Amino acid sequence: MSETDALARLAPSDGANAHLIDGQLITGNRFFEVVNPATGRAFALCPDASQFELDKAVAAARRAFPAWGALGFARRRELIFELADRIAAAADELAPLLTSEHGKPLEQAKLELSLSAHHMKQLASLELPDELLRDDARGRVELRYHPLGVVGAIAPWNFPVALAMHKVAQALYTGNTLVLKPSPFTPLTTLAVGRLAADLLPPGVLNLVAGGNDLGAWMTAHEDIDKISFTGSVATGKRVLAAAAGTLKRVTLELGGNDATLVLEDADLDLAAAGIARSGFFNCGQICMAIKRVYVAESVRDDLLEKLVAKVSALKVGVGTEPDTDMGPIQNAVQFEKVKAYLEDAIGRPGAEVLTGGRVRGGEGYFIEPTIIAGLGEDAPLVREEQFGPVLPVLTFTSVDEAIARANDTRFGLGASVWSRDEARARAVAGQLMAGTVWINRHGLNESDVPFGGMKESGYGREHGVLGIRAYQELQVVSRPSS
Ligand code: NAD
């Protein structure tokens, strides 16, 4: 059978790989290929939504909005919990699909699915009451929070299901209806969640449409979408913000990062090495808030590197379906070429020292060895830009003030961390790092009840926690004279 025939057989004729529009599973007549990054070959076809199908999804969401908005938090919470339970129950069944389209090891795919369900429940458990600002001689002033209407959500490929489901929970719990677009690199598991939701939620409340970048652009300019919740790169985030201006949509942008971690000379080096290895290489380094630059005090450099290199060189790279794989391939060809270019440039620089890894695996698939490089200057692209891959630069410092200045010398401001046994000192350093989240003696924890987002070009607004979820609501002041 030719590859085209094989793809035709995988065409979504049986309700698999379908958009969810107005409660119906719809395939349309346009498709694009989804590639398995472990082989570099297409393994499935995904429906490709037209502008007409997007309009149908938005109209359905608009029709569903009044009843869903009026339903109340308690009932919406029940339905989100039920969807979360269905996702958790389907985790074993869906994980192989997530591994095929993303590349991540099977256990990590299961983890993403079960954590998605967990976070949905956490988000739909937040209390979001209206508030009494004051009731005194000057009058009574209330703060009331209303749903916005139709939300458009646009997701990236690194945690395709989790990042999409965070948006589903936040938008729906607050009484909005939703049109969600997964990344064209990883649409299939998200669409499979649509099948789980189809007979659960009222038609039009949750709409899933797959497609390319054009579909995202149509959403950001759509006249009947009230808010865009976007997670992706800085470059696309800027386009989203510009396009949303035409209709003055509310916009939340969760963008890229170039997180620095500072290892002070009094750090617990075992803890730091384990934390850096986990944060820098989990998901093949493809995490917005991964550690992407290590600054270590000169006096403990060798000790830290010995421990870090031991951990990173023990990671097994391979196909996600093999049972002992720790790290799969880079998710797509474009990203693979980008990380390769950062790696080749870094290796060629005077003074660069590859401490482990450094090679691209030949043969099929997009595999790069987990790599640690020392001896680079601040001007190396691997240090200055967001590599979003398993190649980590380690730099040294002699004064903490200098390390803080270097960590802050970036247009990014998503996360940062500091490792020290001295709590007061660590907190003082944390206060000087210009990042939306600063962790002390850990890095990269994502909790749904804690606001998350970036300073500077890493973001616009916050998601998660009461503060973040309020961005899915419109504030109304109700004011009257004192009685
Ligand atoms: P990307 O910006 O290329 O794509 C993200 C989404 O935007 C995709 O669904 C894509 O189809 C869509 N899109 C592309 N062009 C568009 C346009 N003009 N208008 C509207 N939508 C458009 O990002 P990516 O490569 O998928 O994801 C990786 C990036 O995401 C990294 O920079 C990473 O740091 C960032 N990220 C940030 C967070 C966070 O919470 N801050 C979380 C995960 C990933």
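Reckoned from all heavy atoms, side chains included, excluding hydrogens, waters and symmetry mates. Here the structure is a predicted model, which means the values were calculated and not measured. In this chain, residues are counted from 1 in sequence order. Counting convention: from 1, in listed order, for ligands and their atoms alike.
Checking only distances, K181 does come within under 3.5 Å of ligand 1, N or O to N or O. The shortest N or O to N or O distance between G211 and ligand 1 is not under 3.5 Å. For L414, no nitrogen or oxygen atom sits less than 3.5 Å from a nitrogen or oxygen atom of ligand 1, counting backbone and side chain alike. An N or O contact shorter than 3.5 Å links T236 to ligand 1 by distance. Between S458 and ligand 1, a contact under 3.5 Å exists for no N or O pair. For the pair W157 and ligand 1, the shortest N or O to N or O distance falls below 3.5 Å. Below 3.5 Å of separation, one finds an N or O of S233 facing an N or O of ligand 1. Inclusion of T231 in the set of residues having an N or O under 3.5 Å from an N or O of ligand 1 is not warranted. Annotation: F388 places no N or O atom under 3.5 Å from an N or O atom of ligand 1; distance criterion only.
For ligand 1, the atoms sitting less than 4.0 Å from at least one non-hydrogen atom of L163 are 42 (C), 43 (C), numbered in the order shown with element in parentheses. Within ligand 1, counting atoms from 1 as listed, the ones closer than 4.0 Å to a heavy atom of S183 are 9 (O). The contact set between ligand 1 and V240, taken as ligand atoms under 4.0 Å from a residue heavy atom, comprises 20 (C). Counting the atoms of ligand 1 from 1 in the order shown, those under 4.0 Å from a heavy atom of F452 are 40 (O). Numbered from 1 in the order shown, with element, the atoms of ligand 1 that lie under 4.0 Å from a heavy atom of P184 read 11 (O). Residue-ligand proximity, N158 to ligand 1, at heavy-atom distances under 4.0 Å covers atoms 43 (C), 44 (C). Taking a cut-off of under 4.0 Å to the non-hydrogen atoms of I154, the atoms of ligand 1 that pass are 6 (C), 7 (O), 9 (O), 12 (C), 20 (C), 21 (N).
Taking 4.5 Å as the limit, every side-chain heavy atom of Y295 sits out of range of all side-chain heavy atoms of I404. Considering only heavy atoms from C-beta on, E457 comes within 4.5 Å of K238 through its side chain. Using a 4.5 Å cut-off on side-chain heavy atoms (C-beta onward), L128 and Y472 make no contact. The side-chain heavy atoms of V394 and L355, taken from C-beta on, include no pair separated by under 4.5 Å.
With a 4.0 Å heavy-atom cut-off, ligand 1 is reached by no atom of I287. Contact annotation: for L215 versus ligand 1, there are no heavy atoms closer than 4.0 Å. Looking at V234 against ligand 1, nothing comes within 4.0 Å, counting heavy atoms. Only the side chain of E386 comes within 4.0 Å of ligand 1, counting heavy atoms alone; its backbone N, CA, C and O stay farther away.
Within the 4.0 Å heavy-atom cutoff, G459 does not count among the residues contacting ligand 1. Assignment of F159 to the shell around ligand 1 is not supported, since no heavy atom sits closer than 4.0 Å. Assignment of G454 to the shell around ligand 1 is not supported, since no heavy atom sits closer than 4.0 Å. Heavy-atom distances between F230 and ligand 1 reach below 4.0 Å in at least one pair.
Remark: R359 CZ is loosely packed, at most 12 non-hydrogen atoms of other residues, nucleotides or ligands lying under 6.0 Å away. When the shell of 6.0 Å around CZ of R427 is examined, it contains 12 or fewer heavy atoms from other residues, nucleotides or ligands. More than 12 non-hydrogen atoms from other residues, nucleotides or ligands lie less than 6.0 angstrom from CZ of F282. Atom CD of Q122 has more than 12 neighbouring heavy atoms from other residues, nucleotides or ligands inside a 6.0 Å radius. Remark: L200 CG is packed, more than 12 non-hydrogen atoms of other residues, nucleotides or ligands lying under 6.0 Å away. Within 6.0 Å of NZ on K311 lie no more than 12 heavy atoms contributed by other residues, nucleotides or ligands. Counting heavy-atom neighbours within 6.0 Å of D379 CG, excluding the residue itself, gives a total above 12.
For the residues G436, G216, G232, C288, the heavy atom positioned nearest atom 42 (C) of ligand 1 is part of C288.
Nearest heavy atom pair, residue L126 against residue S448, reads CD1-O, 4.4 Å.
For atom 9 (O) of ligand 1, the nearest non-hydrogen atom of the protein is A155 O, 2.7 Å. For atom 27 (O) of ligand 1, the closest heavy atom belonging to the protein is P156 CB, 3.3 Å. For atom 40 (O) of ligand 1, the closest non-hydrogen atom on the protein side is E254 CB, 3.3 Å.
A donor-acceptor pair under 3.5 Å links the side-chain atoms of E112 to the main chain of V161, judged by distance alone.
Salt-bridge annotation for R411 and E385: present, with a side-chain N of the basic residue lying under 4.0 Å from a carboxylate O of the acidic one. Ion pairing between R62 and D226 holds under the 4.0 Å rule for side-chain N and carboxylate O.
In this pair, H102 and W157 present their aromatic rings tilted. The plane angle is within the 30 to 60° band.
Not a single protein heavy atom sits closer than 4.0 Å to atom 4 (O) of ligand 1.
Among T437, D259, T261, the single residue meeting the side chain to side chain donor-acceptor pair (under 3.5 Å) criterion with H443 is D259.
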